[in-house]
Protein chains: 2
Amino acid sequence: MQQGIQLILDNISKIVSLTKEEQDLFVSKLQYLEYKKKEFFLHEGQFSNELNFIIEGCVLVFYTDHTGFSHLIQFAIEDWWVGDIASSTHNIPTQLNIQAVEKTKVLRISKEDLEYLFEAIPKLERFFRILLQKRVANLQQRIISSLSKTATERFLEFRAQYGFLENRITQLQIASFLGVTPEFLSMIRRKLNSTNK
Amino acid sequence: MQQGIQLILDNISKIVSLTKEEQDLFVSKLQYLEYKKKEFFLHEGQFSNELNFIIEGCVLVFYTDHTGFSHLIQFAIEDWWVGDIASSTHNIPTQLNIQAVEKTKVLRISKEDLEYLFEAIPKLERFFRILLQKRVANLQQRIISSLSKTATERFLEFRAQYGFLENRITQLQIASFLGVTPEFLSMIRRKLNSTNK
DNA sequence: TTAAAAAAATAAGATAGCTTAAGTATTTAC
DNA sequence: GTAAATACTTAAGCTATCTTATTTTTTTAA
């Protein structure tokens, strides 16, 4: 079986169960792609009309502000979905960049195909509805943290939740996700080490 | 026709069109409720198993941290949907409070009825899928702002986007939404007034 | 394998935003 | 209609976080 197909079908089957025919129809709409390290899926200003499922690798979704600083909005590794929902929902050019930080293999589906599949397989629309609910819960939690926690607390939360990423992305990127400068994150880490060790 | 039914049907018909029978089935699951000013829909620790559509009034969704401070996560006025997606998706007690800040009239639908309706009327699942996409886009924008903007910029953004709320909720609540103290917001407003006027 | 580039650490000085406290204005509840 | 409660403003001093600059470490690419 083609690369990653089993992974994506398993991912879906955790939430809804498709018949063999439905699986085949779904799979027929997938496009397999590979990106090199540092290569971009999406650049600010483009229109985003796809949804990607990561089979292998790691990508970052970031926003670059008017002073040239990047802010990490989201990351995704194998078995995760990634795309720019804002751009594709509102049909506006994206303000985000999506970049591979490792060699990355994805399965991609276009917005048009996805809309067709939602008609053909309502269970698939359910799957994405539930995925979106989880994403809303996750984003809301991040807002709660940004409103109510210190940088140190947010770093500890990041570690608890995404510790597996700590050696896969740089401190610079973690700092950007937390909303602090890399210098300040470095200081936070030093303090935590001297206290706990 | 009962209070607000037309409003909710119009709200849905902006995204999907239901037949008369589907509308009737949907409407049959709605419960009409009124809340007094300051009354709570939902308290931290409860399980949230409903979705609310505001017909009239205004509610605030806030998180209270361990030091007793409140942080405004979301607000909703007439013609908006509100609920705790995190709690109802993951079946965990909510960490949020939902409180009416004015006399508020709502139409409520239970999670069970909603799930039944998604089976009976797939278009309704589409409606909520699209609503969730918009919510994700909105939350993501808020994260971008919190990562990349100063308090003054965030306040101007709030005014541009939610100016209609400026006289409906207090400065305290706006400050809490922006993630600053009310004292600091007061200072921001003074500076803006002295510069622009 | 090594030179160049990028990332991370350290530290000193600067600032956005917080705390505390007091005073004034507005709203609420009887 | 009035007293009490709540919201808002102002201001001084404080702290978390940023900026800038330098050094050290790690990664990248030829």
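To find a chain, count down the sequence lines: A is the first, B the second, and so on, and within it residues start at 1. Bear in mind the structure is a predicted one, so any value in this text is a computation, not a measurement.
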Handout entry: Length of the line joining A:R168:CZ and D:dT27:P, which is rounded to integer Å
Key = 16 Å

Exercise for the section: Would you indicate, yes or no, if C:dG17 has its OP1 or OP2 atom less than 4.0 angstrom from a side-chain nitrogen or oxygen of B:T181? Expected result: no

Problem - Any donor-acceptor N or O pair under 3.5 Å, side chains B:Q95, A:Q141 - result: yes

Exercise for the section: Nearest whole angstrom, please: distance from the C1' of D:dT6 to the NZ of B:K37. Expected result: 11 Å

Handout entry: Distance in angstrom units between A:K149 NZ and D:dA16 P, rounded
Key = 18 Å

Exercise for the section: Ignoring backbone atoms, test whether A:R190 places a side-chain nitrogen or oxygen under 4.0 Å from the OP1 or OP2 oxygen of C:dA8. Expected result: no

Problem - Between P of C:dG17 and CG of B:L178, the distance in whole Å - result: 11 Å

Practice task
Output yes when a side-chain donor or acceptor of A:T104 lies under 3.5 Å from a complementary backbone atom of A:C58, and no otherwise.
Solution key: yes

Problem - Side-chain touch B:F164/B:Y162, heavy atoms, less than 4.5 angstrom - result: yes

Problem - Residue mapping more 5' on DNA chain D - nearest nucleotide basis, B:P182 or A:K38 - result: B:P182

Practice task
Could you tell me whether the side chain of B:L33 reaches within less than 4.5 Å of the side chain of B:F41, counting heavy atoms only?
Solution key: no

Fill in the blank from the handout: Which of D:dA7, C:dT10, C:dC18 is nearest the side chain of B:L172? It is D:dA7

Practice task
Report the nucleotide, chosen from D:dA7, D:dT10, D:dT17, that has the shortest atom-to-atom distance to any side-chain atom of A:R154.
Solution key: D:dT17

Practice task
Output the single nucleotide from D:dT20, C:dA21, C:dG17 whose closest atom is nearest the side chain of B:E183.
Solution key: C:dA21

Exercise for the section: Kindly say if A:R189 contacts the phosphate of C:dA8, meaning a side-chain N or O under 4.0 Å from OP1 or OP2. Expected result: no

Handout entry: Length of the CZ-C1' vector between B:F184 and D:dG13, whole Å
Key = 15 Å

Practice task
With DNA chain D as reference, determine whether A:I188 or B:Q173 sits nearer its 5' end, using the nearest nucleotide of each.
Solution key: B:Q173

Practice task
Describe the nucleic acid contact of A:T170 in one word from base, sugar-phosphate, nothing, applying a heavy-atom distance below 4.0 Å.
Solution key: sugar-phosphate

Exercise for the section: Provide, to the nearest angstrom, the distance between the CG atom belonging to A:L185 and the C1' atom belonging to D:dC18. Expected result: 14 Å

Exercise for the section: Please state how far atom CD1 in A:I169 lies from atom P in C:dA7, giving the value in whole angstrom units. Expected result: 12 Å

Handout entry: Distance in angstrom units between A:K191 NZ and D:dA16 P, rounded
Key = 7 Å

Handout entry: Flag, side chain of B:K111 to backbone of B:S88, donor-acceptor distance under 3.5 Å
Key = yes

Completion exercise
On DNA chain C, more 5' by nearest nucleotide between A:M187 and B:M187 is A:M187

